[in-house]
Amino acid sequence: MRHRYLASLGALAGLLALISWTAGQTPATPNPTPAAKADPVLKTPWGDPDLQGVWFVLADVPLERSAANAGKQFLTDEEVAAADKQKGLNPGRNARSANGAQDVTGAYNAVFNSILKTGKRTSMIIDPPDGRIPPLVAGAQGGRGGRGGGGQAGPAQGGRGAAGNQNENPENIAQSPRCLGVQMQFLPLNTTFAQGTVMQIVQSPKSMGIYMEDDHAGGGNRVILMDGRPHLPANAKTVLGDSRGHWEANTLVVETTNFAQGFRGSNIETYRMIERFTRVDANNLRREITFDDPKTWTRPWTVLIEMGKTDDRRHMIFDSACHEGNYGMTGILAGARREEQAAKK
């Protein structure tokens, strides 16, 4: 028995020696680094990706790429710093203009302004790659106008009054000066006045609501139906359009049609807007918008708006009171009457 025990110990010692020798001859393999875990997708109680909350534009980015930045998708850190420094030199229009301007230059002080930091991207447009709105198709009447809400100036159909003067009566004046609420496409084209920069999303299983605040133009409430019903009949037009949504993985895809007014001269019968909302993580949201109208542009074009959020209890939306003391309308109409009188002389 003792001999068998000693033999067993000898065999075990030999095995340990072999393992030790083998390990010495074979390079040790380091433990692999665990793959970085992606942030879990936040879900609603019914299982859809959760996009709810107050979202705001993170940086000031121009709609189109300037000629100076042609072929350049991003600014350098030095260029961003220089642009931000230039904004710091802006006195915020606190004083009346010293150049004798007769219009409202200098009429607003800094309490109305919201100066965002310069974004690194040289254009909101990410497609086409040149960062520019595509050319118009032959015979199209597309324009370059539009405010933060993105709607073109003028009445519901984008036309003018009988005399060709858009400001001749209250019904022809653009929607924003009449304080009738935000217009689509709700783009942050003038971030200084916080136009198109903040929205709040609320979800339910079969619909979503998006409240949009657009400075003095007032707010607007979009309703996005998620139950698969078709769009309204083609003759049913609304200012915010008719929106239908569905999920593609974790991205909300919304198609909006039936607009009562065009965007930059688009044809309201053929124009549509496709949005993609993707929550990147707890505090970041991507909103991609594709504008498609074969009767206006030679190809669809897409913008990217990056938005962030904070604690909803700290980042609340305060509605703008536009109708109270709307002296702008009085001035616009008074000016139109003066022009008519001058034309008769």
Side-chain angles (χ1 to χ4, degrees), residues 56-95 97-99 101 103-106 108 110 112-138 140-153 176 183 185-198 214-215 262-266 273 275-276 284-293 296-308:
F56 54 92
V57 172
L58 293 172
D60 183 17
V61 177
L63 176 63
E64 294 186 272
R65 188 170 300 151
S66 67
N69 289 321
K72 186 176 181 180
Q73 188 176 1
F74 297 100
L75 299 175
T76 64
D77 291 339
E78 292 75 16
E79 289 170 326
V80 170
D84 284 340
K85 183 178 180 180
Q86 185 64 34
K87 290 180 180 181
L89 297 176
N90 186 337
R93 301 173 70 190
N94 284 319
S97 174
N99 62 9
D103 207 336
V104 294
T105 302
Y108 295 96
F112 292 96
N113 292 353
S114 176
I115 306 299
L116 294 181
K117 289 186 175 296
T118 303
K120 296 200 71 171
R121 289 190 294 112
T122 56
S123 67
M124 278 190 270
I125 296 177
I126 58 174
D127 186 49
D130 65 0
R132 305 288 297 178
I133 296 175
L136 301 174
V137 300
Q141 301 298 316
R144 297 275 172 176
R147 300 180 57 257
Q152 72 179 39
S176 293
Q183 298 169 303
Q185 305 327 304
F186 196 62
L187 301 179
L189 299 182
N190 187 351
T191 59
T192 299
F193 282 84
Q195 293 168 348
T197 62
V198 62
D214 196 31
D215 187 52
F263 176 51
R264 294 180 174 248
S266 60
M273 181 181 77
E275 296 167 280
R276 294 178 177 271
N284 291 278
L285 180 77
R286 285 173 58 96
R287 182 187 178 213
E288 294 184 34
I289 313 171
T290 298
F291 303 101
D292 184 13
D293 181 6
T296 299
W297 303 293
T298 53
R299 56 164 293 181
W301 51 285
T302 301
V303 305
L304 168 62
I305 302 171
E306 295 172 304
M307 309 189 79

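Owing to the predicted nature of the structure, the values given are computational and were not obtained by experimental measurement. Counting from 1, the numbers follow the sequence of the chain as shown.
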Student: T197 and side-chain contact (heavy atoms from CB on, under 4.5 Å): which partner among L189, L58, T191?
Tutor: T191
Student: Please tell me if the side chains of M273 and I289 come closer than 4.5 Å, counting only heavy atoms from C-beta onward.
Tutor: yes
Student: Quick one: does T296's side chain get under 4.5 Å of L136's, heavy atoms only?
Tutor: yes
Student: Testing D293, D130, D127, D292 for salt bridge (Lys or Arg N to Asp or Glu O under 4.0 Å) with R299, which one passes?
Tutor: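 Testing each of D293, D130, D127, D292 against R299, the sole residue satisfying salt bridge (Lys or Arg N to Asp or Glu O under 4.0 Å) is D127.
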Student: Could you report the tightest heavy-atom contact between L187 and I305, atom names first, then the distance?
Tutor: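 The answer is CD2-CD1, 3.9 Å.
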Student: A side-chain contact here means heavy atoms from C-beta on lying under 4.5 Å apart; do E275 and F186 qualify?
Tutor: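 A side-chain contact is absent here, since even the closest heavy-atom pair is not under 4.5 Å.
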Student: What distance separates L75 CG from T122 OG1, expressed to the nearest 0.5 Å?
Tutor: 6.5 Å
Student: Is the number of heavy atoms from other residues, nucleotides or ligands within 6.0 Å of NZ (K117) greater than 12?
Tutor: no
Student: Give a yes or no answer on whether the side chain of R65 reaches the backbone of G71 with a donor-acceptor pair at less than 3.5 Å.
Tutor: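 Absent.
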Student: Using a 3.5 Å distance criterion without hydrogens, assess whether the side chain of T298 forms a donor-acceptor pair with backbone atoms of P135.
Tutor: yes
Student: State which residue, out of T302, V303, V57, L304, fulfils the side-chain contact (heavy atoms from CB on, under 4.5 Å) condition with M124.
Tutor: V303
Student: Looking at P188 and G196, what are the two nearest heavy atoms and their distance?
Tutor: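 So the minimum-distance heavy-atom pair works out to CB-O, 3.5 Å.
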Student: Determine yes or no for a side-chain-to-main-chain donor-acceptor pair under 3.5 angstrom, with D60 supplying the side chain and L116 the backbone.
Tutor: no
Student: Using 30° and 60° as the class limits, which term best fits the ring planes of F263 and W297: parallel, tilted or perpendicular?
Tutor: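 Judged by the thresholds at 30° and 60°, the geometry between F263 and W297 is perpendicular.
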Student: What closest approach, in Å, do I126 and R121 show between heavy atoms, and which atom pair accounts for it?
Tutor: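 Where I126 meets R121 most closely, the heavy atoms are CG2-NH1, 4.1 Å.
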Student: Of all heavy-atom pairs between F291 and Q185, which one has the smallest distance, and what is that distance?
Tutor: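 Closest approach of F291 to Q185: CE2-CG, 3.3 Å.
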Student: Taking the side chain as every heavy atom from C-beta outward, state whether I133 and R264 have any atom pair closer than 4.5 Å.
Tutor: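 Yes, at least one pair of side-chain atoms sits under 4.5 Å.
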